[in-house]
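As structure tokens, the structure follows; a few thoughts come after it.
Along the sequence shown, residues carry numbers from 1. Counting convention: from 1, in listed order, for ligands and their atoms alike.
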Amino acid sequence: MEPLNKQSSLRPRYQQEDAAHDSRKALELCASLGDYQTSLTKFKNRKDIFERSVQGLKQILPIAFYAFYAVDEASFDIELEHCDQPDQKQYLDETLEALIEQGLVAQAFGEKRTLSAQSKDGEHALLLHALTTTSKTYGLFICFLKNRVLEDGIADTLTTIIIKSTCYALENFELYQLIDLKNEELTAKNQQISKSEIIYRNVFENTGNPTIIVDISGKITFSNSRFVAFSKCTREELQSKHFSDFIIKKRLNFAKLLQETQHQDPAKPIEYIFENRLHEKRTVFLQTSPLGIDNLHIISLTDITALKEVEKKLHFQAFHDPLTGLPNRILLQDRLKQAIRKRNRHPGSKYAVIFIDLDRFKSINDTLGHHVGDQLLIRVGEKIKDCVREMDTVARFGGDEFVILLQDIQSELDCERVSRRILEEFQTAMSIQGHEIFMSISMGILMSQAQPIDASDVIRLADMSMYEAKKQGRNKIVYFHDIADKEIEKKLFLENQLLKGIQENEFFVQYQPLMDLQTNRLFGFETLVRWNHPDLGIIPPNSFIPIAEEIGLIIPLGQKIFELAFQDYVRWIQAYPWVKDLCLSINLSVKQIYHRDIVKDIKSMAEKTHLPLKNVRLEITESIFLDNNEQAIETIRRLKELGISICIDDFGTGYSSLKYLKQFSIDLVKIDKLLIQDIPTNMTNFSIVSSMLELCDKLKLQVMAEGIETNEQLKKLKTMNCGLGQGFYFAAPQDKQMVEDSLLKGRA
Ligand code: C2E
Ligand code: CA
Ligand code: CA
């Protein structure tokens with residue numbers, strides 16, 4: 001082994017200029033480390049820092065290799081983390097062992113400056129320095145120098161400076177690592193947030209409806225593109241807009257609107273008129289809901305303008321005769337009801353109903369053709385209108401029948417005058433398409449009655465009087481009071497017959513299959529009553545139901561029908577369990593709805609026969625809507641509570657009101673056979689039926705087409721997506737025996 005002093009002579013004496021050079025180098029290094037402290041991305045790991053430091057040290061000192069021992073701050077265990085000559089590990093460990101024994105390690109940590117030492121084997125001079133900052137202890141840095149002795153004191157001073165810089169570099173490196181980690185976490189979170197924001201934004205954008213978010217005052221804070229398009233504003237313009245800027249309502253109280261629409265019954269949607277920037281008006285339904293943050297609310301609009309227009313058309317059609325434009329029988333009935341009510345309140349107020357029928361109209365139609373017939377009817381309507389006051393109603397009641405309602409007349413004399421004038425008017429010929437036509441008429445008149453009377457009865461009695469006029473030789477006027485006694489007699493006769501018929505069980509029911517048009521499977525049955533009269537044979541319902549209604553016998557008769565149908569249906573379910581999926585439809589007269597015990601009666605009948613009510617459907621005509629009676633709404637609600645479904649019969653011939661369909665919570669709508677019959681050829685009816693189907697689809701109502709007789713009708717209905725159907729094409733009403741035979745064969 002070479003003597004130490006000889007080894008030391010390997011290096012020339014440390015001169016002043018050397019010191020200046022080394023100091024400069026050390027300072028440059030510190031500066032560059034400082035650089036790294038602020039741009040630490042360049043250090044990938046701690047090893048890089050050590051190597052960088054050692055590179056610097058090497059410019060001042062003859063370094064052979066170095067080692068870094070990391071310290072566990074909790075246990076103070078020391079462990080080799082990095083060494084640029086890994087094969088020296090054992091040598092290093094032994095050296096460290098010796099340094100610990102000599103107390104130099106403890107000293108290094110205590111004094112926090114560079115200590116010089118000698119390796120145990122005397123091969124190397126060592127520099128050891130604890131890497132610490134004010135807050136943290138990293139470990140121990142040991143440099144093994146090529147020379148055995150370190151000659152000059154200046155080296156450890158410079159080393160101290162470098163090592164301190166290394167420590168700060170380490171500290172910053174850790175700090176930045178932490179920041180990186182936090183950054184990563186934040187980025188991940190942000191990504192998550194923006195993902196859900198994208199989802200919500202998409203939902204908001206694609207609700208299909210114009211939708212906005214407003215604050216509690218109604219100021220618009222967000223709007224989807226549909227709303228932008230709907231409002232005809234730009235996004236910038238919307239930023240300064242208030243929702244009420246678009247709603248036509250004097251002094252719209254926005255807070256109240258929110259309240260109203262939030263707790264609104266979906267069955268009674270509130271309509272508003274929306275006016276866009278170009279002053280175009282649309283009818284909308286509003287739906288609002290709180291967003292759950294910052295007192296914001298979502299407002300979503302459904303544009304129902306098209307629906308309203310169709311409804312308006314249907315409504316006009318519903319109340320007017322398409323040929324003459326005169327009020328139809330529904331409107332007439334409505335006005336007549338008002339007149340009756342007025343009369344009941346003020347006995348002094350009088351009205352009169354004149355029922356007019358053209359004599360021998362049919363022969364004109366047959367000889368001169370329908371076109372002339374139609375023109376004639378239009379002219380007759382105009383002629384009659386010319387004879388009455390503006391306030392009176394002239395309605396076309398049916399084919400060649402017209403009905404006049406004279407309101408607020410002083411006495412019978414007024415009515416007499418009007419009817420005479422009409423009769424005179426018809427003394428002159430009418431010139432139609434080159435034909436001179438003389439037309440005589442028969443009139444029946446009913447003056448307001450002292451006792452309470454139904455509108456339909458008033459018309460029926462006026463009609464009866466008109467018949468009497470025809471019988472007496474046409475071109476005549478007959479007053480009901482002149483024939484009343486005879487009529488009363490007739491009514492009494494029928495009343496007795498009906499009552500007897502019920503007691504003697506002369507009534508029976510038939511069932512007509514109801515079909516699911518899409519699957520072509522049996523959907524259920526409609527119950528239809530018939531009267532097997534001992535002398536007159538089978539009488540169809542249209543001939544006795546109106547009378548039974550009038551004299552109140554519809555109540556016991558209705559009960560009988562329920563009883564028969566319930567018994568049959570229960571028997572079928574027991575024999576063929578799949579029948580429990582079929583519905584049982586029963587017609588219910590409006591008079592029955594108004595019967596006090598109707599709900600109770602149906603319920604107890606169902607209990608008695610063990611019939612599940614969930615498959616029962618009651619068919620009611622639209623006339624239930626005419627009175628818009630709270631009692632009717634309540635009865636329907638209670639029936640529905642029992643599980644019964646409600647169906648509107650003969651839809652399209654009466655009110656055709658969507659509002660009522662919703663208000664009464666109707667489940668199914670049956671489109672009247674008159675509309676169905678000529679859909680393959682009549683474009684008007686075709687478009688009426690298809691808009692009805694569209695509307696019902698929007699209102700989530702089931703639809704059934706009545707009176708399907710041909711394959712063409714069926715095909716048309718299927719293309720229009722009509723769900724259910726009934727008619728001779730599938731089957732006529734059948735006796736229960738026939739139904740049982742087909743049930744036996746299994747499900748269609
Ligand atoms: P509705 O409720 O409209 O019953 C359908 C009527 O159309 C039935 O006449 C039926 O036989 C007939 N029909 C079925 N398919 C076709 C078809 O393809 N073409 C044509 N032209 N007609 C078809 P029905 O049995 O004479 O009954 C007439 C009306 O009497 C019923 O009309 C209903 O309003 C009333 N009605 C029948 N049974 C009852 C009942 O039990 N109670 C009450 N309150 N009314 C009833
Ligand atoms: Ca029916
Ligand atoms: Ca019907």
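Not one N/O/S atom of S585, from backbone or side chain, sits under 3.0 Å from the Ca ion (ligand 2). The Ca ion (ligand 2) has E526 among its coordinating residues (N/O/S atom, backbone or side chain, under 3.0 Å).
Ligand 1 lies within reach of E709, whose nearest heavy atom is under 4.0 Å from it. At least one heavy atom of E706 lies less than 4.0 angstrom from ligand 1. The closest approach between a heavy atom of P540 and any atom of ligand 1 is not below 4.0 Å.
Salt bridge absent: D334 and K337 never bring a charged side-chain N and a carboxylate O closer than 4.0 Å.
Residue K500 places its NZ atom among more than 12 non-hydrogen atoms of other residues, nucleotides or ligands, all under 6.0 Å distant. Around atom NZ of K560, more than 12 heavy atoms belonging to other residues, nucleotides or ligands sit under 6.0 Å away. Remark: F361 CZ is packed, more than 12 non-hydrogen atoms of other residues, nucleotides or ligands lying under 6.0 Å away. Within a 6.0 Å sphere centred on NZ of K603, other residues, nucleotides and ligands contribute 12 heavy atoms or fewer.
Tested against Q726 for a side-chain hydrogen bond (donor to acceptor under 3.5 Å, both in side chains), the candidates K673, Q512, E706 yield a single pass: Q512.
Checked against the Ca ion (ligand 2), the N, O or S atom of E619 at the shortest distance is OE1. Within D649, the N, O or S atom lying nearest to the Ca ion (ligand 2) carries the name OD2.
Residue contacts with ligand 1: L588 is placed with no nitrogen or oxygen under 3.5 Å of a nitrogen or oxygen of the ligand (distance criterion only). At least one N/O-N/O distance between D649 and ligand 1 falls below 3.5 Å. No N or O atom of T527 sits closer than 3.5 Å to an N or O atom of ligand 1. Residue contacts with ligand 1: Y729 is placed with no nitrogen or oxygen under 3.5 Å of a nitrogen or oxygen of the ligand (distance criterion only). Ligand 1 has an N or O atom lying under 3.5 Å from an N or O atom of F728, backbone or side chain.
Nearest-heavy-atom check against atom 15 (N) of ligand 1 across E526, Q512, K670, Q592 picks out Q512. Nearest to atom 25 (O) of ligand 1 by heavy-atom distance, out of R530, K673, Q510, is R530.
Numbered from 1 in the order shown, with element, the atoms of ligand 1 that lie under 4.0 Å from a heavy atom of N542 read 28 (C), 29 (C), 30 (O). Listed by atom number, the atoms of ligand 1 under 4.0 Å from S589 heavy atoms are 44 (N). Every atom of ligand 1 with a heavy atom of P541 under 4.0 Å away is listed here by number and element: 24 (P), 25 (O), 26 (O), 27 (O), 28 (C), 30 (O), 36 (N), 37 (C).
Under the 30°/60° scheme for interplanar angles, the aromatic rings of F562 and F566 are found to stand perpendicular.
Judged by distance alone, the side chains of Q559 and D601 do bring a donor and an acceptor atom under 3.5 Å apart.
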